[in-house]
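What follows is a set of notes on a single structure, which appears directly below.
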Amino acid sequence: MLWYPYAQMKTIEPPIKIVSAQGVHLYTEDGHDLIDSISSWWSVIHGYNNSRINNVIKEQLDKFAHVMLGGISHEPVRKLSDKLASWLPGDLNYCFFSDSGSVAVEVALKMALQFNTNRGSDRSVILALRHAYHGDTFKAMEVGDDDDYHFAFAGCGGKKRGVIHIPTETAALENAFDVYGEQLSCFIVEPLLQGAGGMRMYDISFLERARRLCDQNDVLLIFDEVATGFGRTGNRFVADLVLPDILVLGKALTGGYIGHAVTVANQRVWDGFYSDNPAHALMHGPTFMGNALACRAALESIKLFEEGNYIEKIKQIEQITRRELRGFSSDKIEEIRIMGGCVCMEVKDAKYLEGYRRWAYERGVFSRPFLKYLYAMVPYIIEEWELVKVLDVMKSWFSRGK
Ligand SMILES: *Cc1c(COP(=O)(O)O)cnc(C)c1O
């Protein structure tokens with residue numbers, strides 16, 4: 001029996017069975033053609049069945065699929081780390097691979113904590129954002145701030161020790177540094193766009209202020225760009241605008257082909273581990289880190305991103321979205337938010353979205369709203385008519401029966 005994610009198995013709606021996929025389309029066992037409006041959890045940026053990514057994976061498969069990185073190295077992983085080092089902004093040059101975003105976040109937090117112990121500092125408090133989501137492993141949940149995930153800590157006194165959550169407001173940020181500045185090891189954020197916490201968007205000035213406060217207080221700034229990386233906010237990376245000390249990438253890293261993630265450190269963090277003392281080494285090593293198939297897929301995905309003028313494509317997606325939603329409103333909707341390749345309709349009550357998945361399915365769109373959030377994060381290769389259709393289905397839900 002298969003156990004599905006985030007689901008009560010007793011009352012789960014039967015999942016939609018997919019038999020093939022092409023471009024932005026999912027084809028179901030019962031003959032439906034669905035536009036995937038959420039890119040398989042925001043990862044499939046080039047759409048499905050991309051011939052170029054398919055080909056590099058096939059080519060690599062005939063050499064070898066995987067070798068461990070403990071004591072062994074291979075060209076695809078070295079090429080990918082070189083590519084990331086030159087492609088990413090500033091001195092974000094040191095790539096530690098892992099198999100999922102959650103683990104890459106764990107690695108980032110571990111780096112920040114050990115960076116301090118290596119230099120004999122006892123800074124151990126982590127600053128994070130209200131409504132944050134950083135993954136489902138324990139430390140990632142702890143820096144996250146989502147009621148759904150808190151039950152896991154109920155047995156441990158219900159309180160997260162050593163993590164402070166603040167709203168994305170400058171006054172709260174300044175206050176947190178005033179009170180905890182000396183104890184903080186790092187400040188971790190999903191920059192500009194908080195995804196699983198409800199597609200919440202905030203201003204770059206908050207991050208600029210955070211950068212300055214981190215510098216003044218000797219605190220590492222971590223950007224979790226697992227969701228925002230590779231163009232989702234309309235920027236290639238938010239790190240292009242404000243430079244973090246540690247950057248975490250996942251989801252779209254492999255174009256959504258194979259689970260893989262990377263934690264990228266800057267020179268200063270790297271230097272904090274680089275020493276003659278063996279105890280200063282980073283003691284982490286996921287079995288499948290640097291998987292050769294994943295690295296080849298990632299390299300090709302980055303090529304597609306660069307050659308395909310994706311930032312322009314994402315701008316178009318944002319423009320079309322704004323155009324289609326101009327003047328649209330409903331008394332059930334609290335707020336409509338748009339940023340780059342993300343649109344979210346937050347409703348006033350979660351019950352207003354009950355039945356939406358089915359409604360969309362019957363109209364040729366795959367969607368998976370959660371809580372009060374109906375959103376779309378489409379593959380960047382989507383055609384205008386397909387995007388308009390996704391938005392029309394969203395709008396029609398609120399005007400049905402009128
Ligand atoms: C999805 C997500 C993660 C977790 O990634 P997994 O690959 O699912 O472990 C972490 N951080 C953010 C911001 C995410 O959106």
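First listed ligand is number 1; within each ligand, the first listed atom is number 1.
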Side-chain donor-acceptor pair present, Ser73, Arg78, cut-off under 3.5 Å: yes
May I have a table of the N/O to N/O pairs between ligand 1 and the protein that fall below 3.5 Å, each row giving the two atom names and the distance to 0.1 Å?
residue	atom	partner	partner atom	Å
ligand 1	5 (O)	Ser102	N	3.4
ligand 1	7 (O)	Gly101	N	2.8
ligand 1	9 (O)	Gly101	N	3.4
ligand 1	9 (O)	Ser102	N	2.7
ligand 1	9 (O)	Ser102	OG	2.6
ligand 1	11 (N)	Asp224	OD1	3.4
ligand 1	11 (N)	Asp224	OD2	2.7
ligand 1	15 (O)	Lys251	NZ	2.6

Please tell me whether Tyr375 and Phe370 form a close aromatic pair, meaning their ring centres lie under 6.0 Å apart. yes
Ring centre gap for His46 and Tyr310 strictly below 6.0 Å: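 So the answer is yes for these two rings.
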Per the ring pair (Phe, Tyr, Trp, His ring centres under 6.0 Å) rule, which among Tyr274, Phe273, Trp270 passes with Tyr94? Trp270
Show the numbers, then the answer: is there a side-chain hydrogen bond (donor to acceptor under 3.5 Å, both in side chains) between Gln60 and Arg296? CA-CA 7 Å; Gln60 182 60 40; Arg296 290 295 300 270; 3.0 Å; yes
Atom pair NE2/CZ of His284 and Phe97 - distance to nearest 0.5 Å: 14.0 Å
